[in-house]
Structures are given as structure tokens and as C-alpha cells.
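No experiment lies behind these values; they were computed from the predicted model shown.
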Amino acid sequence: MPSSFAPESGRPPPIPGARWDPADVPLRPLLLWVRKGAAHVRLDGGPVLHLKAGEGAWIPADGPGERAITTEPGTIAFPLCPQAGVGARGLSELTRFDVPSGWQDWLIQLFNLHVTPFSGREYSPEAIMELLRRPGSPAPALVGRDPAPEGFAAPAMPRARGARAVAEELMCDPALDLTVERWASRVLSSARTLRRDFLADTGLTFERWRLLCRLGAAVEFLAAGYDVDQVASLVGFASRNGLTRAFKGRFGLTPHEFGRELFARPGTGGLTQRAAAGQTDDLIRMMRESDSPTAPEMLPAASTPSHTNDVHVLSWMYRGSGYLDIGEQRYERERGVATWIPAEKEHVTGLRENSVSLPLGNASTADLNLNVPLQVRFSPAWDDYLMFCSISARSALRPHEHNPRHILDLFAEQVAAQRALSVPMPTDPRARAVAMEYLRRIGEPGGTQDADVRAEIHRAFRDETGMTLGRWRYAARMRIARDLLAGGAPPSAVARRIGYAHLPTFSAAFSRFHGLSPRAYQEREAANSR
């Protein structure tokens, strides 16, 4: 079973304001909706669009001007990047729309699917259109791509899991312009592995594969009746000329010549009908409707493929339940539980029906020693703050001076709170505050040194725990050392973590307290777990 902790009841930290960092993302359209609080959007020095809870905005792709998005303190706002083609026609202005409350968990899960390896068929990006369509109106002709004519198909798909996940996302939205390093991070791989898998499985470098993918998508959009300027934007070219050069180099025709030949062929009436249907942008029409569609009756189940992470990943169950399979072992994930998924362990993560999870952040193997899942339960009072942590970790909407290690520190605080319960705790509020501060600072420079503690606090420790403050600190350090050793951490790392400068000093202290050395204790625990 994974190690499990239940933090003391307490209030989460305040949610700071955030801003969109345009340097961190490609220039793409954005769908922003506010779950709580208020957000403000401004394009190219124009008027500010103010959004409150339950409202969203379609934000067109960046032009030559600036895209400014800010949120007020206490705000939870989810950014979503629709796939290529959604809002392609006529959607050039900042547009406000309403999000009915029944759709909000669906959108939270859609965010999860965008930023993790999870997949779920019923969460296709086109369903955003259904969200804002008036009930009873004609079904929209989804803005999509017709099959490419013979000889103009997209490149072969790679077989390796990470490379295939990247390829599938690029096939869905060829305009995505992430670096190989960011793609690798997104699929929990390394840039070197990703490049190697593309070349081994397709015979193409990643960059060449992406170019051919974009050109294949360009063929399909041209066949659907889009003009060359629109196609260039939809498939990720900075200009019409760039698309024209690449297209002619690949197919021997300019996009304009291709379109003229295609529609001159017999039997292409269906394509012209498709193009005519695409003239009406369904998403804009739905945004302008006033009635709310019926919310989904059920959130479908979802799962990841079997994969291995290069880093530890923290995943939190916001709603429902799920599971984590590592080898033959299944770990249950209940509502409110955050789980560190160990690096370098092949695993599958799943969500049952009507369940929602969110990633909270990552930790390197240098920052966290972990070989089995580690869990902590958060009360519902933490929901908003943990959503904010997820958005900050997996999007460009972040507070100023965002620290990615913050979630590691937050989790450690919850663990410290639980570990405090394993040694007698004083009930006096001042003494308890001293105890909690000590637990949080173990391992920091000076964190285990005696502070200027008043006599009444020393007296509270003696009266309420049966130990002097110094003895209580010793017991707390040894309790944490036991957990770390049982988790597989080497004694030298444990010594540093709990504030001992030298391994022999730690070993002597541990042996006095437990009657056996750290190594012997670790070996005994490993034998007992078999």
C-alpha cells in the first residue's frame, strides 16, 4: 500500500493574482472561462473585457499587438486551447460567453486531458461547440478536415507511446509550435528519446515529420474550401508565403494551383458543399445564442496508456475516484487524495465515470526520493487552491515569480502536519506553533537549532507531551527518518534531510533511539514488505 497521510484541518494559502505570459506559449486562439473570482482581458491596447464567475471569453490569436490577461486574487480561471479549425472563420474579435454551471466539471476535465497523457473520446475539443449551442437548433457542421486526396496524405504515425501521443496531438492541431523539449516534457519523456523514436518509427526527424503533418493538414483544409491565408494560420505557418514555398517544395504545386485543380475534378461536389457549410462559424453562432444547452449527464471514464515518467508526478482527485496500476499492484485514488506517482515506474492511471483529476506539479528524483506512491488527503476547503496550483503548473496563466517547487513544499507541509501526530503534540497554541514550525524547517540551515523559546512554551511541552522541547525535537526527527528509510532513501540522504551534517552523527543518534542502525532498520523494513 502507498504511504498515506491526512493533514490537519487548516486553511489553504490565499490565491494570488495571475497573468498570462505570452513568451511561454505559441500564438494561438484561447478559450478562457472563470470558475471563481474575476479576470480581465485586453487585446492590442483596446478596451478591457471584464469576466466574472461563470463567464468565458474567446480570445483570438495574437496579432501584432499585445494580449494581456490578468486575474484578481482569489480567482480560478481555466485556459483552454481549442484544436485547429474551431473558430477559424469570422472569429477575429474578443467575444464573451456564459458557461452554465453544469458544464464546469466537464471543462475542468477537458483541461486535464489537454495537459496530461489521459485520453477520453467523449472529451473531443469539438464538444466546446455543443456547450454553447442553443437546444433545438440544427446540429452544427463541425469545422473539420476532409480526407486528403490520394498522394497528398500526412506522414506515417510513430509507434512509440510518447512519440505517438505527440503525433496525435499535432494531427489534431498542427499549428502547435512547441519545442522538442517542451513536447517531451508534455508526454513525460526526454527530447533525446522523442527524437530517436520519431526517426526510428517513421524514418523522419521530428521537425520533418511535423512539416509533413502540417502540409497534409493544409491539403485537407484547402479541400474543405478554406483560403490560403486561413490555411497558413490553421496549420502553423507564420505567413502565406511560407506555406506556399513549403507546399510547392513538397507537392510541386502552389496551394492556389492545388485548389484550382481539385475543384476542377469530377466528383468533388461533396467538397464544395463542405466548404459552403464551413462558411458559418458554428462557435461564434453558439456564443451569440442566449439559451443554455443541457449539461452532460455523465463524465465518461478516461485513462492513460501504460507509460513511464522521468519525474515524479503529483495528481489530485478533485471528484469521484480513480486508480493507479504499477505492475501487479493497484492503488485506489479517492476524492481529495493527491498521489505522487514515482518516476521510472511503468504505470497506468485511470478515472472512473463521473470522476475528475488534475495534475498539481512534478518533482525531480533529486528533489524527492520515492519508489512507491505517496498519498495525502486534502479537505474540500483546498479545492480552489489546488485548482489554482494545477493551472499555474500546466499553463501560462501564473502568478508573478511562480515557483514550480511550491507544490513540493506544500505537500511536504501536509506530510509534516501528519507526522506531527505520530509524536505527542502540545495543545497549547503557542507551543503547537513552535512544534509545527520546527517540523516544516527540518533540514533547512539552522532549522534544527534551538530558537529563543519562552519559558512557558518549554513548560507546555513538558506538561503536555511528557518530553522536554529538546527531546520532542529528537523524537520528531527520528520519526521522519523512519519514514524516509522505509521508503528506500539512503541513510546519507536521510541524514541531510533531517538536519544532520554528518552520517556517523545521524547513525549514532538513530541507533540510540531505535536500538539498531539506519541500514539495519531499512533492511528489516524491506524484508517485512516482501
**Side chain to side chain, V372 and K345, heavy atoms closer than 4.5 Å** = no

**Heavy-atom side-chain proximity of M387 to K36 below 4.5 angstrom** = no

**Within residues 315-327 or reaching into it, pairs that qualify as salt bridge (charged side-chain N to carboxylate O under 4.0 Å, His left out) - sequence neighbours excluded** = D105-R319, D325-R330

**Asked** Taking atom CD1 of I457 and atom CD of E464, what is their separation to the nearest 0.5 Å?
**Response** 11.0 Å

**Message:** Any heavy-atom pair between the side chains of P342 and L374 that's under 4.5 Å?
**Reply:** no

**Request:** Could you check R35 against E55 for salt bridge (charged side-chain N to carboxylate O under 4.0 Å, His left out), going step by step and ending with a plain yes or no?
**Result:** CA-CA 8 Å; R35 180 179 184 270; E55 293 182 336; over 6 Å; no

**Side-chain touch F111/L80, heavy atoms, less than 4.5 angstrom** = yes

**Request:** Give, for atom SG of C213 and atom CG of L170, the distance between the pair rounded to the nearest 0.5 Å.
**Result:** 5.5 Å

**Request:** Working to the nearest 0.5 Å, report the span between CG of N112 and OG of S355.
**Result:** 11.5 Å

**Asked** Are Y331 and Y323 close enough, and set up right, to give a ring pair (Phe, Tyr, Trp, His ring centres under 6.0 Å), and what steps lead you there?
**Response** CA-CA 6 Å; Y331 302 98; Y323 55 87; over 10 Å; no

**Side-chain heavy-atom pair W20, L30 within 4.5 angstrom cut-off** = yes

**Side chain proximity check, E168 to M171, heavy atoms < 4.5 angstrom** = no

**Asked** How far does CD1 of I76 sit from CG of D383, to the nearest 0.5 angstrom?
**Response** 10.0 Å

**Asked** Mind checking what makes side chain to side chain donor-acceptor pair (under 3.5 Å) contact with Y385, not counting sequence neighbours?
**Response** H406

**Prompt:** Among I391, I69, L31, which residue meets the side chain to side chain contact (heavy atoms under 4.5 Å, CB included) test with P79?
**Reply:** I391

**Item:** Heavy-atom pair with the smallest gap, counting every atom of P491 and Q522
**Value:** CD-OE1, 4.0 Å

**Prompt:** With distance as the sole criterion, is a donor-acceptor pair present between the side chains of R159 and T202 under 3.5 Å?
**Reply:** no

**Item:** Given W106, W33, F388, the one that forms ring pair (Phe, Tyr, Trp, His ring centres under 6.0 Å) with F78
**Value:** W33

**Message:** Assess whether a salt bridge exists between R196 and D201, defined as any Lys/Arg side-chain N lying under 4.0 Å from an Asp/Glu carboxylate O.
**Reply:** no

**Asked** Which word best sums up how the rings of F461 and W472 line up, parallel for under 30°, tilted for 30 to 60°, or perpendicular for over 60°?
**Response** perpendicular

**Prompt:** Taking side chain as C-beta onward, heavy atoms only, is F513 less than 4.5 Å from R482?
**Reply:** yes

**Sidechain N-carboxylate O distance under 4.0 Å for D177, R214** = yes

**Request:** Answer yes when R195 and E207 have at least one side-chain N-carboxylate O distance shorter than 4.0 Å, and no when they do not.
**Result:** yes

**Message:** Would you compute the distance between atom SG of C389 and atom CH2 of W316 and round it to the nearest 0.5 angstrom?
**Reply:** 9.0 Å

**Request:** Step through the shown structure and confirm whether more than 12 heavy atoms of other residues, nucleotides or ligands are within 6.0 Å of CD on E334.
**Result:** no

**Message:** Could you walk me through whether R161 and E346 satisfy the salt bridge (charged side-chain N to carboxylate O under 4.0 Å, His left out) test, starting with their C-alpha distance in whole Å, then the side-chain angles of each, then the deciding distance to 0.1 Å, before giving a yes or no?
**Reply:** CA-CA 12 Å; R161 284 190 297 270; E346 187 166 355; 3.8 Å; yes

**Request:** State, with a plain yes or no, whether a side-chain heavy atom of Y318 is found less than 4.5 Å away from one of L386.
**Result:** no

**Prompt:** Does the pair E332/R352 count as a salt bridge with the N-to-O cut at 4.0 Å?
**Reply:** yes

**Message:** Please check if the number of heavy atoms outside E344 that lie under 6.0 Å from its CD is greater than 12.
**Reply:** no

**Asked** Can any side-chain N or O of H347 pair as donor or acceptor with the backbone N or O of T308 at less than 3.5 Å?
**Response** no

**Request:** First locate atom OG of S315, then atom CZ of F118, and finally report the distance between them rounded to the nearest 0.5 Å.
**Result:** 5.5 Å

**Message:** Determine whether a donor-acceptor pair (N or O, by modelled atom type, separation under 3.5 Å) exists between the side chain of R333 and the backbone of T349.
**Reply:** no

